[in-house]
Enquirer: 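Sharing a structure here in structure tokens format.
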2 protein chains.
Amino acid sequence: MPVNKRAEPEAEKKAQLMAAARQLFVQDGYESTPMGRIAKAAGVTPNTIYWYFEDKDALLLAVLDELFQENMATFLTVARKPLAEQLLWLVQTLRGFSRLISTVHARVRESKPVDQWHSQFHSIVEQLFAMQLPQEMTQAAIAAEVRIAAFTVEGLVTHVLDDDAVRLTCQQLASRWARA
Amino acid sequence: MPVNKRAEPEAEKKAQLMAAARQLFVQDGYESTPMGRIAKAAGVTPNTIYWYFEDKDALLLAVLDELFQENMATFLTVARKPLAEQLLWLVQTLRGFSRLISTVHARVRESKPVDQWHSQFHSIVEQLFAMQLPQEMTQAAIAAEVRIAAFTVEGLVTHVLDDDAVRLTCQQLASRWARA
DNA sequence: ACCTGAACACCGTTCAAGT
DNA sequence: ACCTGAACACCGTTCAAGT
């Protein structure tokens with residue numbers, strides 16, 4: 001007849017595992033953090049993780065989803081500012097997860113789920129920018145400009161550059177879209 | 001007194017190893033090709049590779065250098081054409097090595113030698129483009145435009161896109177640099 | 001349902017030993 | 001100088017067994 005026997009419901013344990021994985025993935029990178037280290041940080045045995053997650057990729061995707069949700073909310077806040085500022089905010093935010101981003105790109109080829117997540121992420125971000133570009137542009141031009149912006153953001157995030165270079169590149173990029 | 005005892009001088013054996021590695025790295029990717037497979041393709045035992053190369057990274061760098069030298073020559077041929085065409089050529093050529101490029105980006109963080117190779121590669125390609133941009137632009141603007149171009153090329157190379165999208169993006173990118 | 005100890009398969013690399 | 005067989009350390013994952 002008891003309903004809440006366990007001190008830790010399944011969801012909570014899963015959250016602990018994700019918190020440990022997230023911290024280590026962001027700090028040390030996905031490839032450089034063995035399952036054993038995540039397990040130890042969460043106080044379990046490595047194989048226990050497999051009761052909650054299918055494999056290491058599933059853990060990665062769960063972490064990515066969490067990070068996306070958390071930061072999407074505040075991005076929508078920034079979405080009313082000038083485009084150059086939006087770009088700069090996006091780059092600075094993503095820079096905090098640059099190792100994770102490199103990992104996603106590396107694993108797009110090896111893992112279908114990672115590939116799907118990556119495609120979806122691009123779609124959302126690119127659409128958010130597309131709707132802000134001048135209406136006078138052709139659809140093809142808008143699509144091209146959005147790709148240029150997306151790839152530039154990725155480059156700024158994953159390459160080592162000083163803040164000035166990042167800022168100037170965002171401004172130069174946005175200067176093209178001055179409304180007619 | 002004999003001078004050329006061996007049927008296969010060291011350089012030749014090394015070249016064989018590099019040819020095997022190159023083929024497999026390009027086809028299957030660096031992470032997905034074990035040293036054992038390279039060894040088998042070259043007709044030796046895995047540990048033999050370590051007599052010729054310090055480690056797997058050294059093999060990778062040797063292959064990268066080879067590819068760079070081979071393609072640099074024909075790039076200089078293309079360098080007299082319009083910028084949009086140069087970009088398109090660069091993207092299409094690099095697309096043949098997209099897995100290798102993803103690997104380089106992933107390993108920049110883990111391997112100092114790979115990081116240095118990557119930086120040097122960027123420097124050379126970016127300078128080649130910088131000198132072709134309109135003289136009227138400020139140094140800062142040129143630097144920003146070159147970064148935008150480099151990152152867009154990288155994005156076009158590493159993401160899945162149809163040929164039309166690639167072509168349109170290169171044109172749109174170059175349209176900005178129309179000489180005043 | 002939840003977790004563990006032990007094992008498996010795979011991989012890069014090393015090393016003592018051979019020619 | 002050049003190459004090998006055997007071993008080492010490490011890793012993701014599985015599985016039979018425990019509670």
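These figures come from a predicted structure and were not determined experimentally. Sequence lines set the chain letters: A, B, ... in the order given, protein chains first and strands last, and positions in each chain run from 1.
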Enquirer: Heavy atoms from C-beta onward define the side chain here; which of C:dT4, C:dC3, D:dC3 lies closest to that of A:T45?
Expert: C:dT4
Enquirer: Consider only side-chain N and O atoms of B:R109 and A:S102, and report whether a donor and an acceptor are under 3.5 Å apart.
Expert: yes
Enquirer: If only atom types and distance count, is the side chain of A:T48 paired as donor or acceptor with the main-chain N or O of A:V44 below 3.5 Å?
Expert: no
Enquirer: For a quick test of reading the model: is some side-chain N or O of A:K13 closer than 4.0 Å to OP1 or OP2 of C:dA1?
Expert: no
Enquirer: With a 3.5 Å cut-off and sequence neighbours excluded, list the donor-acceptor pairs that the side chains of residues 67-74 of chain B form with protein atoms.
Expert:
{"from": "B:E70", "atom 1": "OE1", "to": "B:R22", "atom 2": "NH2", "distance (Å)": "3.1"}
{"from": "B:E70", "atom 1": "OE2", "to": "B:R22", "atom 2": "NH1", "distance (Å)": "2.8"}
{"from": "B:N71", "atom 1": "ND2", "to": "B:L67", "atom 2": "O", "distance (Å)": "2.8"}

Enquirer: Going by ring pair (Phe, Tyr, Trp, His ring centres under 6.0 Å), name the pairs with one or both residues in residues 26-66 of chain A, residues two or more places apart or in two chains.
Expert: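 Counting only pairs at least two positions apart or across chains, the ring pair (Phe, Tyr, Trp, His ring centres under 6.0 Å) contacts touching residues 26-66 of chain A are A:F25-A:Y30.
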Enquirer: Can you tell me how far P of C:dA1 sits from NZ of A:K14, to the nearest Å?
Expert: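 It works out to 15 Å between those atoms.
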Enquirer: Parallel, tilted or perpendicular for B:W117 and B:F121, by the 30°/60° rule?
Expert: parallel
Enquirer: For A:R107, does its backbone N or O pair with a side-chain atom of A:S111 as donor and acceptor, under 3.5 Å?
Expert: no
Enquirer: Give me the residues of residues 29-39 of chain B where at least one heavy atom lies under 4.0 Å from an atom of DNA chain C, by number, or none.
Expert: B:T33, B:P34, B:M35
Enquirer: Is it the case that A:E12 and A:Q16 place a side-chain donor and acceptor less than 3.5 Å from each other?
Expert: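 Short answer, no.
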Enquirer: Rounded to the Å, how far apart are B:E12 CD and D:dC2 C1'?
Expert: 15 Å
Enquirer: For DNA chain D, determine which residues of residues 48-63 of chain A have any heavy atom closer than 4.0 angstrom to one of its atoms, and list them numerically.
Expert: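 Here the set is A:Y50, A:D55, A:K56.
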Enquirer: Working to the nearest 0.5 Å, report the span between CD1 of A:I124 and CZ of A:F75.
Expert: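 The distance works out to 11.0 Å.
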Enquirer: How would DNA chain D look in dot-bracket form, 5' to 3', counting Watson-Crick and G-U wobble pairs with both distances under 3.5 Å and writing | for bases paired to another strand?
Expert: ||.|||||...|||||.||
Enquirer: Checking A:Q92 now: which residues fulfil side-chain hydrogen bond (donor to acceptor under 3.5 Å, both in side chains) with it, not counting sequence neighbours?
Expert: none
Enquirer: Would a distance-only check, ignoring hydrogens and angles, find a side-chain to backbone donor-acceptor pair under 3.5 Å from A:Q86 to A:K81?
Expert: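 Yes; judged by distance alone, with no hydrogens or angles, the pair exists.
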